[in-house]
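To start, the structure under review is shown below, and the notes come after it.
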Amino acid sequence: MTHSTLEFTRLKPADDAALADFFASLSAGGDDRFFHPHPFTLAEAVRVCRLVGRDLYLVASRGGRILAYGMLRGWDEGYVVPSLGVAVRPEARGTGLARAFMTYLHAAARDQGAPRVRLKVYPTNHAARRLYESLGYQWQPGADEQLVGLCELASPRAA
Ligand SMILES: CC(C)(COP(=O)(O)OP(=O)(O)OC[C@H]1O[C@@H](n2cnc3c(N)ncnc32)[C@H](O)[C@@H]1OP(=O)(O)O)[C@@H](O)C(=O)NCCC(=O)NCCS
């Protein structure tokens with residue numbers, strides 16, 4: 001019998017239906033109030049899974065089911081510091097997955113030469129704020145109602 005394990009990977013075209021299913025789980029739980037990097041539609045899942053370039057769209061999955069989704073974007077527009085976004089499937093929360101996945105996102109950003117990452121968060125999104133603060137994010141006021149967080153990434157050791 002094959003046993004499914006947790007995997008962290010970059011999205012690929014074959015993941016589009018699984019990503020659309022993940023988006024539906026966020027919308028059903030009302031998470032699009034706090035997390036709305038793009039529409040949560042099948043068309044958007046198809047688009048995201050076919051992106052090529054430096055921007056990264058990454059997932060944690062088990063047995064073909066996406067449990068967490070994150071992106072690092074801005075490089076393709078010429079920014080040095082990418083913007084990070086993250087969400088965990090509602091039924092997979094509270095198990096440490098976001099914390100582990102954030103470490104992966106930070107490592108992927110550092111691997112592509114980012115000195116730091118930025119993100120935006122609503123002040124009332126307490127779970128996300130607590131997570132980010134525990135990882136070292138520092139806040140500054142944003143241009144809209146969201147806070148802007150910045151996290152310095154450690155310099156890579158000489159390989
Ligand atoms: C924010 C989110 C990613 C956390 O995912 P998670 O897998 O439950 O988080 P973890 O289990 O890894 O917990 C990591 C930390 O988050 C914080 N946290 C998680 N759930 C929390 C809650 N209900 N209340 C307060 N803090 C919470 C804690 O600091 C926790 O660390 P601890 O367990 O050491 O106390 C998840 O709630 C989510 O996807 N929310 C909807 C999308 C979203 O808002 N994304 C962020 C947009 S800026």
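Note that ligands are numbered from 1 as they come in the structure, with each ligand's atoms numbered from 1 the same way. When a residue number appears, it is its place in the shown sequence, counting from 1.
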Subject >> Pair R99, S134: side-chain N/O donor-acceptor within cut-off below 3.5 Å >> reply: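 Their side chains do contain a donor-acceptor pair, which is all the 3.5 Å distance test asks for.
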To the nearest 0.1 Å, how far is [atom] from its closest protein heavy atom, and which atom is that?
| atom | result |
| --- | --- |
| atom 11 (O) of ligand 1 | G96 N, 2.8 Å |
| atom 45 (N) of ligand 1 | V86 O, 2.8 Å |
| atom 39 (O) of ligand 1 | V88 N, 2.7 Å |
| atom 5 (O) of ligand 1 | A98 CB, 3.1 Å |
| atom 41 (C) of ligand 1 | R93 NH2, 3.6 Å |
| atom 16 (O) of ligand 1 | L131 CB, 3.3 Å |

Give the atom numbers and elements of ligand 1 that come within less than 4.0 Å of a heavy atom of [X].
| X | result |
| --- | --- |
| K120 | 48 (S) |
| A87 | 39 (O), 42 (C) |
| G94 | 6 (P), 7 (O), 8 (O), 11 (O) |

Original post:
Where's the contact between Y132 and ligand 1, heavy-atom distance under 4.0 Å: side chain, backbone, both or neither?
Top reply: side chain
**OP:** Could you see which bit of N125 sits under 4.0 Å from ligand 1, with heavy atoms only: side chain, backbone, both or neither?
**Re:** side chain
Value rounded to 0.5 Å, distance of [atom1] in [X] from [atom2] in [Y]:
| X | Y | atom1 | atom2 | result |
| --- | --- | --- | --- | --- |
| D76 | D55 | CG | CG | 3.5 Å |
| D111 | L153 | CG | CG | 11.5 Å |
| Y79 | R73 | OH | CZ | 11.5 Å |
| L105 | L84 | CG | CG | 5.0 Å |
| H126 | E133 | NE2 | CD | 10.5 Å |
| R54 | E77 | CZ | CD | 13.0 Å |

Does any N or O of ligand 1 fall below 3.5 Å from an N or O anywhere on [X], backbone included?
| X | value |
| --- | --- |
| F34 | no |
| R130 | yes |
| T95 | yes |
| R99 | yes |
| A128 | no |

Side-chain donor-acceptor distances from residues 141-149 under 3.5 Å, at least two apart:
unit_1 : atom_1 : unit_2 : atom_2 : d
D144   : OD1    : Q146   : N      : 2.9
D144   : OD2    : K120   : NZ     : 3.2

**OP:** For atom 33 (O) of ligand 1, decide whether some protein heavy-atom distance is shorter than 4.0 Å.
**Re:**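 There is no protein heavy atom less than 4.0 Å from atom 33 (O) of ligand 1.
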Subject >> Heavy atom of protein inside 4.0 Å of atom 13 (O) of ligand 1, strictly below >> reply: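 There is no protein heavy atom less than 4.0 Å from atom 13 (O) of ligand 1.
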Original post:
Going by the angle between their ring planes, with limits at 30° and 60°, are F8 and F101 parallel, tilted or perpendicular?
Top reply: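 Perpendicular: the ring planes of F8 and F101 meet at over 60°.
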Original post:
How are the rings of H38 and Y69 set relative to one another: parallel (under 30°), tilted (30 to 60°) or perpendicular (over 60°)?
Top reply: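 H38 vs Y69 ring planes: perpendicular.
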Original post:
Can a salt bridge be assigned to the pair E44 and R47 using a cut-off of 4.0 Å between side-chain N and carboxylate O?
Top reply: yes
Considering only distance and modelled atom types, tabulate donor-acceptor pairs under 3.5 Å from the side chains of residues 14-29, sequence neighbours left out.
unit_1 : atom_1 : unit_2 : atom_2 : d
D15    : OD1    : K12    : NZ     : 3.1
D15    : OD2    : K12    : N      : 2.9
D15    : OD2    : K12    : NZ     : 3.4
D16    : OD2    : R50    : NH1    : 3.1
D16    : OD2    : R50    : NH2    : 3.1
D21    : OD2    : R89    : NH2    : 2.8
S25    : OG     : F22    : O      : 2.6
S27    : OG     : F23    : O      : 3.3

Original post:
Just going by heavy-atom distances, which of A92, G29, A127 is nearest to atom 19 (C) of ligand 1?
Top reply: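 It is A127 that holds the nearest heavy atom.
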Original post:
Is L119 near ligand 1, meaning one of its heavy atoms is under 4.0 Å from it?
Top reply: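 Contact check L119 vs ligand 1: negative.
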